[in-house]
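Whatever order the structure lists ligands and atoms in, that order sets their numbers, starting from 1. Worth saying up front: this structure is predicted, and the values here are computed from it rather than measured.
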Amino acid sequence: MKWTKTLIQTLRENPQDAEIDSHKLLMRAGLCRKTAAGLFSFMPLGMRSLKKIENIVREEMDAAGANEILMPALQPSELWRKTGRWDAMGANMFRLKDRAEHEMAMGPTAEEEVTDLMTNIISSYRQLPLNVYQIQTKFRDETRPRFGLMRSKEFIMKDGYSFDVDAEAADKTYWTMYHAYERIFDRCGLKATPVSADGGDMGDSMTHEFHALADAGEDAIAFCDGCGYAANTEKAERTAKIVYEKVDSPAEEVATPGAKSIAEVASFMNLPADAFVKSLVYAADGEYVMVCVPGDRDVNEVKLKRYLGVKTLEMADYAAVREVTGAGVGSVGPVKPLKADIRIVADSSLEGASGRIVGANKDDYHLKNVDFARDTNISGYADLVIVRDGDVCAKCGKTISLKRGIEVGQVFKLGTKYTKAFNTVYKDENAVETLCIMGCYGVGVSRTLQAVIEQSHDKDGIIWPASVAPYQVVIENLDPSVEDVTKVADDLEAALEALGIDVIVDDREERPGVKFKDADLIGFPVRVVVGAKGLANGGVEIKRRADDKSKMKVVAVAEAVENIKALLAE
Ligand code: ATP
Ligand code: MG
């Protein structure tokens, strides 16, 4: 391909709304153009990389026994109502009505749709296992679309769904998909780590997220240095046994006028935040519950929800807090007097706590010298906080450290959540009707593209892995008007293309500096410089994008192809 025949437009300036390197480079290298917040066009270069990622996904899915299908992106509301997710999806789902006033959704995912499809197809155990996938545009009205393709309103996802006869067969499919995912990201040149995550609303069983580790990642992941346990911070468990010094003095009121947050009270009393206990009131399935955690920690609502065994959990509003405790937010605590008799739970690190400072359930007052065994009525202690660096691993007792990640994929055991709702049954050998066991498997295809950039770039631009680069080789024709030079460049292009290598020839009448800058910005893995001066001095210059100038080699034209092949294989 000749540069002048394709559409490449690089930008000199970073777009104003781009906060992270990969977003800046995506736009500056001309891979994508923005239409509006969270909406992007793929330009020819971006499209080529996207297709390469899609093909890797496709090859690995096919090899793992999945079949490609394509379902409508426009989905009738009836399907979503069957599982209750028409309401549960809330504002995240784009909704519309057709001219006959039928409610529809622009699919954010497709569990309902695929289950409905398969319910009408599956009848016998002989048809199972069944595993289907599609590569399709998905729509989500994200609260904060940002970071370019990382969190957009419309994005490309590979979503796959499996149907098995029983839990054992479903488990086997799950691990087949898990290993296929490892290969997908590996082949894309992405370092992605599987981390165990919380099943949340999707079912109660096992799930792993695949995270590309990067400082710019939106998610925090807890890694154990000892046993290798990796989990996202919603799920990661820690143990905490603190030995408190016993304070025998009775609990005593302290006036804390105007101080509401832990930070304010701590600064008012000139004590560290962990001398205090943070008490929050939640409505859990409609019942009020108080949760206590150390003043310097945050409640993990996922763990709390799981511990309480409830379906809904939300912070109680100001009026409710006053009704239950008799005080305003900021002055509440796990101590008498409480206006209502509510359940109180606390983080495990508070078991045996003594000499603590808590809200007094009286506006502008706290209580000091609080001894949890003596002064409170905690119904249970559990790990209820968000893990942080330095916490103790619940599995092995070693130290947890936090890293940041980009979720590029997820595999999920769904059990019978959807097949129950749709009555997706097969007849077993004895003609007994049994529910299928489902799994679902997603890859953020467009997000993966940008994650590759985030993991592989330098100050000059992108450094594409050869497998997903828009072109693997750029041939810089420095003298396009000189016939001999152009012939060498074009012959080299043809020879490489004959080997199945993607090549672009920069045949623009531009200064070498401009051409090299663009090549570095776009990040073609191998650069070949062909110019009249070079040819007179013995050949062409070859260098990998990842290497610095000192590694540049001059090779004879006849040896160029072999040398380029070797560099691409590195
Ligand atoms: P997140 O937690 O980042 O919002 P998710 O867990 O809701 O993602 P899934 O439902 O698991 O997303 O979707 C499968 C994959 O699709 C994700 O692993 C991610 O790579 C990608 N994805 C999800 N939302 C977006 C988005 N708004 N823009 C781009 N890719 C997305
Ligand atoms: Mg996910």
Check: ligand 1 versus Arg447, non-hydrogen atoms closer than 4.0 Å: side chain, backbone, both, neither?
Finding: side chain

Checklist line | Distance-only donor-acceptor check, side chains Glu111 and Thr109, under 3.5 Å | finding: yes

Check: Are Thr312 and Asp285 linked by a side-chain donor-acceptor pair shorter than 3.5 Å?
Finding: yes

Next item on the list: To 10°, measure the OE1(Gln410)-the Mg ion (ligand 2)-OE2(Glu407) angle for me.
Entry: 110°

Margin query: Within ligand 1, which atoms have a heavy atom of Gly444 less than 4.0 Å away?
Written below: 15 (C), 16 (O), 20 (O), 21 (C)

Check: Do Tyr418 and Thr424 have a side chain donor and acceptor closer than 3.5 Å?
Finding: no

Check: Which of the atoms of ligand 1 are close to Met150, meaning less than 4.0 Å from one of its heavy atoms?
Finding: 26 (C), 28 (N), 29 (C), 30 (N)

Checklist line | Residue-ligand contact Thr109/ligand 1, heavy atom below 4.0 Å | finding: no

Notebook entry, point to check: Which of parallel (below 30°), tilted (30 to 60°) and perpendicular (above 60°) describes His208 and Tyr174?
Noted result: tilted

Check: Just going by heavy-atom distances, which of Met157, Gln410, Lys138 is nearest to atom 14 (C) of ligand 1?
Finding: Met157

Margin query: Polar contacts were defined as any N/O atom of the residue lying under 3.5 Å from an N/O atom of the ligand; does this apply to Ser152 and ligand 1?
Written below: yes

Checklist line | Ligand-residue contact atoms, ligand 1 with Glu142, heavy atoms, under 4.0 Å | finding: 24 (N), 26 (C), 27 (N)

Margin query: Which residue is it: Ile504, Asp502, Val473, Ile463? I am looking for the one with a side-chain contact (heavy atoms from CB on, under 4.5 Å) to Phe524.
Written below: Ile504

Check: Heavy-atom contact under 4.0 Å between Lys153 and ligand 1?
Finding: no

Margin query: On a heavy-atom basis, I'd like to know which of Glu111, Arg140, His211, Glu209 is closest to atom 9 (P) of ligand 1.
Written below: Arg140

Note to self: Checking the side chain of Glu68 only, and the main-chain atoms of Arg58 only, is there a donor and an acceptor separated by less than 3.5 Å?
What the structure shows: no

Note to self: Looking at non-hydrogen atoms alone, which of Tyr441, Phe155, Phe139 comes nearest to atom 26 (C) of ligand 1?
What the structure shows: Phe155

Next item on the list: Apply the test side chain to side chain donor-acceptor pair (under 3.5 Å) to residues Gln450 and Ser22: give CA-CA distance (whole Å), side-chain angles for both, the deciding distance (0.1 Å), then the verdict.
Entry: CA-CA 6 Å; Gln450 205 184 310; Ser22 56; 2.9 Å; yes

Checklist line | Part of Leu149 with heavy atoms under 4.0 Å of ligand 1, whether side chain, backbone, both or neither | finding: backbone

Item checked: Sub-4.0 Å heavy-atom approach of Ser446 to ligand 1 -> no

Next item on the list: Would you kindly say whether Gln134 and Asp159 are connected by a side-chain donor-acceptor distance under 3.5 Å?
Entry: yes

Next item on the list: Could you list the atoms of ligand 1 found under 4.0 angstrom from a heavy atom of Gly409?
Entry: 18 (O)

Check: Within the stated cut-off of 2.8 Å, is an N/O/S atom of Glu209 closer than that to the Mg ion (ligand 2)?
Finding: no

Check: According to the interplanar angle, ranging from 0 to 90°, do the rings of His23 and Phe40 count as parallel (below 30°), tilted (30 to 60°) or perpendicular (above 60°)?
Finding: perpendicular

Next item on the list: Find out whether the Lys NZ or Arg CZ of Arg48 is both under 6.0 angstrom from the six-membered ring centre of Tyr471 and within 45° of the ring's axis.
Entry: yes

